[in-house]
Q: 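Mind having a look at this structure? Questions to follow.
Below, chain A is the first sequence line, B the second, and so on; all start at residue 1.
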Amino acid sequence: MRRDLRVPGPIDLETTFTCGQAFRWRREGASWSGVVGGAEIRARAPGHSTLRLEVRGEDPGRDALIRYFRLDEDPRVHLVGAEDLLAIPGFRALLGLRLLRQDPWETLISFICSAAANVRKITGCVEGMSARWGEPIPGSARRRFPGPERLAAARESDLRALGLGFRAPYVRETSRRVAAGAVDWNALRHAEHGAAREALVALPGVGVKVADCVLLFALDHLTAYPVDRWIRRATLELSSRRRARDSDLARWAERLGPGRGYVQQLLFHLRRTGGPLPALPRPPARRRSA
DNA sequence: TCCTCTCCTTGCTT
DNA sequence: AAAGCAAGGAGAG
């Protein structure tokens, strides 16, 4: 079935789907093909103000798709506090990169696979697991991302055969714990950022960076600022530092406002594709009032 | 407690 | 062709 959704603010599917937040979207002729839940979605954005979707398989429903694509908001609201970044060459052109609101389980496993990997590698792992253990989608050649029980039952050697390498035992053990009910996604969604992160870091293969990715890309914690290699470089440059702990870089980024997670995604893409960033002007010194 | 180093897979790039 | 690199984590010292 077909759905046309109104898009508040700019949208650029190319950067949205290839920027390293999601790993199941690929170009398919004139449109993009992705898997969302039990559906294959084919997406186009004619005129950049409408998102035209063709849904095959189990229809997530209009509201769920609006949530997935975050069409319930104009992404520019997340720039409050980060206005200085608009002066950086190339930054303004990235505002059509839409942060997605993805499934937390799939996001968790995807980013466990992201350790010392690149986007292509992660995509291969996620597609491989889906092809091997995912349920078929009626009317589509693609498959769902497998649930925790399926991956918990997988053999480490089978995961390694898909190219997961040293990440294989992490995926297996974390799957077991999730299948056993150790993670309450809804609770994490509403918990304070620090507490939610603490719960995720308890899982094998999950450190602060991966936890923050799950919180940002799936659980609506837009204050999460995952620091990976690229964001480390970008933030060091913006803050005119030569070296700093990741936690200090995340603390520095607090000045980018409550939407710094969204900003992080734009900076990640900008730094990865465009090279070094200029230093940001220092914020005016605080005057002591009264 | 905190920092640094090493290892862990794989495949593409230089 | 050896080394570097890629959305890191865990364990040792």
Q: For the side chain of A:T15 and the backbone of A:D12, is there at least one donor-acceptor N/O pair under 3.5 Å apart?
A: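 Looks like yes, one N/O pair under 3.5 Å.
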
Q: Just the rounded figure in Å: distance from C1' of B:dG11 to CG of A:L162.
A: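 Distance, rounded to whole Å: 15 Å.
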
Q: Tell me the interatomic distance from A:L164, atom CG, to C:dG8, atom P, rounded to whole angstroms.
A: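 My rounded result for the distance is 15 Å.
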
Q: Can you find a pair of side-chain heavy atoms, one from A:T16 and one from A:L100, that are under 4.5 Å apart?
A: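 Yes - at least one pair of side-chain heavy atoms lies under 4.5 Å apart.
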
Q: Just checking A:F217: base, sugar-phosphate only, or nothing, at a heavy-atom cut-off of under 4.0 Å?
A: base

Q: Check side-chain hydrogen bond (donor to acceptor under 3.5 Å, both in side chains) between A:E135 and all other residues, then give those that pass, not counting sequence neighbours.
A: A:R150

Q: Sticking with atom P, work out how far B:dC5 lies from C:dG4, rounded to a whole angstrom.
A: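 Approximately 15 Å lies between the P atom of B:dC5 and that of C:dG4.
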
Q: Quote, to the nearest angstrom, the P distance that separates B:dT9 from C:dG11.
A: 14 Å

Q: Could you tell me how far apart A:I231 (CD1) and C:dG8 (C1') are, to the nearest whole angstrom?
A: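 Going from A:I231 (CD1) to C:dG8 (C1'), I get 15 Å.
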
Q: For DNA chain C, which residues in residues 110-126 of chain A have a heavy atom at a distance below 4.0 Å?
A: A:F111, A:S114, A:A115, A:A116, A:A117, A:N118, A:V119

Q: Hey, can you pull the residues of residues 235-265 of chain A with a non-hydrogen atom under 4.0 angstrom from DNA chain C?
A: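 The answer is A:Q264, A:Q265.
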
Q: Rounding to an integer number of angstrom, what distance separates B:dT4 and C:dA7 when you compare their P atoms?
A: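 Each nucleotide's P atom is 23 Å from the other's.
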
Q: Side-chain heavy atoms nearer than 4.5 Å, only ILVMFWY residues, links allowed to pass through others: does that put A:F166 and A:V210 together?
A: yes

Q: Which word best sums up how the rings of A:F17 and A:W25 line up, parallel for under 30°, tilted for 30 to 60°, or perpendicular for over 60°?
A: parallel

Q: For A:R272, check side-chain hydrogen bond (donor to acceptor under 3.5 Å, both in side chains) against everything at least two apart and list the hits.
A: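 Per chain and number, A:R272 pairs via side-chain hydrogen bond (donor to acceptor under 3.5 Å, both in side chains) with no residue.
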
Q: Just to confirm, is there a sub-4.0 Å distance from OP1 or OP2 of C:dA6 to any side-chain nitrogen or oxygen of A:R229?
A: yes

Q: Could you state the atom-to-atom distance from CZ of A:R172 to C1' of C:dG9 in whole Å?
A: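 So the two atoms are 19 Å apart, to the nearest Å.
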
Q: Return the set of residues passing side chain to side chain contact (heavy atoms under 4.5 Å, CB included) with A:D228 (not counting sequence neighbours), or none when no residue passes.
A: A:K209, A:W230, A:I231, A:F268

Q: In whole Å, what separates the P atom of B:dT6 from that of C:dA3?
A: 15 Å

Q: Under a cut-off of 3.5 Å for both distances of each Watson-Crick or G-U pair, what dot-bracket string does DNA chain C give, using [ ] for crossing pairs and | for inter-strand pairs?
A: .|||||.||||||

Q: Measure across A:L277 and A:E237 and return the closest heavy-atom pair with its distance rounded to 0.1 Å.
A: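 Distance-wise, the nearest heavy atoms are N-OE1, 2.8 Å.
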
Q: Sticking with atom P, work out how far C:dG8 lies from B:dT1, rounded to a whole angstrom.
A: 27 Å

Q: Using a 4.0 Å heavy-atom cut-off across all strands, classify A:R232 as base, sugar-phosphate, or nothing.
A: nothing

Q: Return yes if a side-chain donor-acceptor contact under 3.5 Å exists between A:D212 and A:H193, otherwise no.
A: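 The criterion, which ignores hydrogens and geometry beyond distance, is satisfied for A:H193 and A:D212.
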
Q: Looking at residues at least two apart in the chain, or sitting in another chain, which of them share a side chain to side chain contact (heavy atoms under 4.5 Å, CB included) with A:I137?
A: A:V35, A:S140, A:R144

Q: Does any N or O in the side chain of A:Q102 come within less than 3.5 Å of the main-chain N or O of A:Q21, such that one atom is a donor and the other an acceptor?
A: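 Yes, the answer is positive, given that a donor and an acceptor are paired below the 3.5 Å cut-off.
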
Q: Under the side-chain hydrogen bond (donor to acceptor under 3.5 Å, both in side chains) rule, collect the residues that match up with A:R251, sequence neighbours excluded.
A: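 For A:R251, no residue satisfies side-chain hydrogen bond (donor to acceptor under 3.5 Å, both in side chains) once neighbours in sequence are set aside.
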
Q: Do A:R172 side-chain atoms and A:A154 backbone N/O form a donor-acceptor pair below 3.5 Å?
A: yes

Q: Without decimals, in angstroms, what is the distance between A:R167 CZ and B:dC8 P?
A: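 Checked: the CZ to P distance equals 13 Å.
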
Q: Hey, does the side chain of A:R272 come within less than 4.0 Å of C:dA7's phosphate (OP1/OP2), counting only N and O?
A: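 Yes, within the criterion.
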
Q: Under the rule for side-chain hydrogen bond (donor to acceptor under 3.5 Å, both in side chains), what residues qualify as partners of A:R245, not counting sequence neighbours?
A: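 A:D248.
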
Q: Write out a two-atom table: protein N or O, nucleotide N or O from nucleotides 10-13 of chain C, distance below 3.5 Å.
A:
{"residue": "C:dA10", "atom": "OP1", "partner": "A:G205", "partner atom": "N", "Å": "2.9"}

Q: Report yes or no: does A:R142 contribute a side-chain atom to a donor-acceptor pair with the main-chain N or O of A:R24 at less than 3.5 Å?
A: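 Yes: the side chain of A:R142 pairs with the backbone of A:R24.
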
Q: Within residues 153-161 of chain A, find the residues that approach DNA chain C with a heavy atom at under 4.0 Å, and present them sorted by residue number.
A: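 Heavy-atom contacts with DNA chain C come from no residue of residues 153-161 of chain A; none.
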
Q: Honestly curious: do A:Y170 and A:L108 fall in one hydrophobic cluster under the side-chain, below-4.5 Å linking rule?
A: yes

Q: Going by the rule side chain to side chain contact (heavy atoms under 4.5 Å, CB included), which residues pair with A:R155 if we only count those two or more places apart in sequence or in a different chain?
A: A:S157, A:D158

